[in-house]
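Throughout, a chain's letter reflects where its sequence line sits, starting with A, and its residues are numbered from 1.
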Protein chains: 2
Amino acid sequence: MTTSPVKAGKTEPMSKSRLRLWLKLLKTSGLIEEELRRRMRAELGTTLPRFDVMSALSRAPDGLKMSEISKRLRVSNGNITGIVDKLTDEGIALRVSIPADRRANLVRLTPKGQALFARHAALHEAWIDEILAGLNADDVAGMVLRLDHLSTTLEDE
Amino acid sequence: MTTSPVKAGKTEPMSKSRLRLWLKLLKTSGLIEEELRRRMRAELGTTLPRFDVMSALSRAPDGLKMSEISKRLRVSNGNITGIVDKLTDEGIALRVSIPADRRANLVRLTPKGQALFARHAALHEAWIDEILAGLNADDVAGMVLRLDHLSTTLEDE
DNA sequence: GTAATTTACTTCAAGCTTGAAATATCTAAG
DNA sequence: CTTAGATATTTCAAGCTTGAAGTAAATTAC
């Protein structure tokens, strides 16, 4: 063989394998998301964004400011306005004004919203368990470790 | 220690760790996607969906049917119609009628579209390389393996 | 051949999403 | 106080996305 011993020849550039990883990551989370969205619609008559907002609210019994919701869900402010508007119209969420700051509101789940979310969350967890049934504890641990590593570096940008 | 040796006590139910994995997967791919979208807009004046369609077309020099594009990108048919309409208006893509089947069209990139995509694809790969720079070859290999496993089981549903 | 089905695509309404611009309010500097 | 800046939210236009319904053409089964 006359080629340099330094270049193995078979190895792919890192940029290519990173690209492939990204495409797989995107594909996989898309598949899961699609399945969740389908079930949300079919079995609960709701959507993922609504579920996400309710989920954030359910963890904050004292309520969250609009900006706090959008920060946690990493979506734009204007987006949250529309979703909370609808949840409010349906009696699921509630805007509570803050005397100390007339610019802001605290958004809370109503009792009806809490009951609804409890039902939805239980189903949601069961669906995930079912969808990810192919992964054992080692798989899960391995992926969580690497995803943590990755998302940490991404957030520190 | 007096507790049963069988039950460790600290272990979390699989459903919880699977849920946590899903949330991390969603978060991570969302962070990457957001960064890509930002750069697409800022540096190329385009969007991820348009890039995805162009990418699919670039791999099929003979063209793709509309339904083939939506199948590959896993989005609805109606969605593709709108995106291809715009790419066509801009001289990036082209609908070619098929004599043998008057229902369908083959969509192709124009030479202008090919040149444009070549430029975009090179940048895209470089961005991914930069964004995922924190992962070494082992990390990448480990994640690809597990994501393959997962997406395969998901597609066989 | 013709009726029923399947396939290919478009149109549409509803909803999500963003980023920018507009309001309103609060805070801080002078 | 008043002005400047920061913060909290809403509104808006543009674009993405879906799923359902509609049109058209091809295929299959009688």
*Asks:* Considering only residues two or more places apart or on different chains, which pairs with a residue in residues 73-115 of chain A satisfy ring pair (Phe, Tyr, Trp, His ring centres under 6.0 Å)?
*Replies:*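 Sorted pair list comes back empty.
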*Asks:* Reading 5' to 3' and counting Watson-Crick or G-U wobble pairs with both distances under 3.5 Å, write the dot-bracket notation for DNA chain C, | for bases paired outside the strand.
*Replies:* ||||||||||||||||||||||||||||||
*Asks:* Not counting sequence neighbours, which residues clear side chain to side chain donor-acceptor pair (under 3.5 Å) with B:Glu130? List them please.
*Replies:*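 With sequence neighbours excluded, B:Glu130 shows a side chain to side chain donor-acceptor pair (under 3.5 Å) to B:Arg39, given in chain and number order.
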*Asks:* May I ask you to say whether B:Glu35 pairs ionically with B:Arg38, meaning some side-chain N is under 4.0 Å from a carboxylate O?
*Replies:*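 Answer for the salt bridge query: yes.
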*Asks:* Between side-chain atoms of residues 63-76 of chain B and protein atoms elsewhere (two or more places apart, or another chain), which donor-acceptor pairs fall under 3.5 Å?
*Replies:*
from, atom 1, to, atom 2, distance (Å)
B:Glu68, OE2, B:Arg72, NE, 3.1
B:Ser70, OG, B:Met66, O, 3.4
B:Ser70, OG, B:Ser67, O, 3.1
B:Ser70, OG, B:Asn77, OD1, 2.7
B:Arg74, NH1, B:Glu155, OE2, 3.2
B:Arg74, NH2, B:Glu155, OE2, 3.1
B:Ser76, OG, B:Asn79, N, 3.4

*Asks:* List the residues meeting side chain to side chain donor-acceptor pair (under 3.5 Å) with A:Arg18, not counting sequence neighbours, and say none if there are none.
*Replies:*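 A:Arg18: side chain to side chain donor-acceptor pair (under 3.5 Å) contacts with B:Asp129.
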*Asks:* Under the ring-ring contact (aromatic ring centres under 6.0 Å, His included) test, which residues partner B:Phe117, sequence neighbours left out?
*Replies:*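 Listed in chain order: B:Phe51.
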*Asks:* Can you name the salt bridge (charged side-chain N to carboxylate O under 4.0 Å, His left out) partners of B:Arg41, sequence neighbours left out?
*Replies:*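 B:Arg41 satisfies salt bridge (charged side-chain N to carboxylate O under 4.0 Å, His left out) with no other residue.
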*Asks:* For a quick check, with a 4.0 angstrom heavy-atom cut-off, what is the B/S/- contact string for nucleotides 8-19 of chain D, read 5' to 3'?
*Replies:* SBBB---SSSBS
*Asks:* In whole angstrom, what separates B:Arg102's CZ from C:dT6's C1'?
*Replies:*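 Taking atom C1' of C:dT6 as the reference, CZ of B:Arg102 is at 17 Å.
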*Asks:* Could you pull out all residues at least two apart from B:Arg119 that satisfy salt bridge (charged side-chain N to carboxylate O under 4.0 Å, His left out)?
*Replies:*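 So B:Arg119 forms no salt bridge (charged side-chain N to carboxylate O under 4.0 Å, His left out) with any residue.
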